Amino acid sequence: MQPHEQIEFELAIDEIKRNMDNHIKWCHAVSETMFEYYKALMDKGFNAQQALQIVIAHGINPGNANR
């Protein structure tokens, strides 16, 4: 690794560390959203396996398949 690349790498790591709390909060929000989507699908009549597969396909964008 070149010296300037090492500096850029270290700066990137510092940035990640500074933003870790916000990233963790975002992860919690995403997981809550996905779980609520899963529960809503089951409330509408999908079984657990079907609901899980739909959440896997759509992620946090209900109604938008990633495939």
Side-chain angles (χ1 to χ4, degrees):
M1 185 178 291
Q2 298 291 325
H4 70 282
E5 293 172 326
Q6 181 66 35
I7 292 169
E8 289 175 5
F9 177 75
E10 290 171 9
L11 289 172
I13 295 296
D14 290 343
E15 181 73 14
I16 290 169
K17 288 178 181 178
R18 276 194 305 277
N19 289 308
M20 186 60 70
D21 288 341
N22 287 332
H23 180 70
I24 290 169
K25 289 176 187 174
W26 182 80
C27 289
H28 285 237
V30 168
S31 67
E32 289 172 14
T33 300
M34 293 177 81
F35 187 59
E36 290 301 321
Y37 183 32
Y38 171 81
K39 291 189 310 186
L41 289 166
M42 294 207 341
D43 288 346
K44 290 297 181 180
F46 292 95
N47 68 38
Q49 184 64 31
Q50 291 168 327
L52 181 60
Q53 290 300 316
I54 292 169
V55 172
I56 289 169
H58 292 215
I60 62 170
N61 297 307
N64 297 317
N66 293 328
R67 299 168 202 224

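For this chain, numbers begin at 1 and follow the sequence in order. In this text, all values refer to a predicted model and were calculated from it rather than measured experimentally.
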Quiz item: NE2 of His23 to CG of Asp21: how many Å apart, nearest 0.5 Å?
Solution: 11.0 Å
Quiz item: Atom CD of Gln50 and atom NZ of Lys44: how far apart are they, to the nearest 0.5 Å?
Solution: 15.5 Å
Quiz prompt | Distance in Å, Gln6 CD paired with Leu11 CG, rounded so as to fall on 0.5 Å steps | solution = 10.0 Å
Self-check item: Close side-chain approach of Gln53 to Ile56, heavy-atom, < 4.5 Å
Solution: yes
Self-check item: Gap between atom CD1 of Ile7 and atom NE2 of His4 - 0.5 Å precision
Solution: 9.0 Å
Practice problem: State, to 0.1 Å, how close Met42 and Ala51 come at their nearest heavy-atom pair, and which atoms those are. | Solution: CG-CB, 3.6 Å
Practice problem: Starting at CG of Asn19, measure out to CD1 of Ile24 and round the result to the nearest 0.5 Å. | Solution: 11.0 Å
Self-check item: Thr33 and Tyr37: CA distance, side-chain angles, deciding distance, side-chain contact (heavy atoms from CB on, under 4.5 Å) verdict
Solution: CA-CA 6 Å; Thr33 300; Tyr37 183 32; 5.7 Å; no
Quiz item: Are Ile16 and Trp26 in one and the same hydrophobic cluster, where Ile, Leu, Val, Met, Phe, Trp and Tyr link if side-chain heavy atoms are under 4.5 Å apart?
Solution: no
Quiz prompt | Nearest-0.5 Å distance, OG of residue Ser31 to CD of residue Glu36 | solution = 10.0 Å
Exercise. For residues Glu5 and Gln2, report the shortest heavy-atom separation together with the two atoms involved.
Key: OE1-N, 2.8 Å
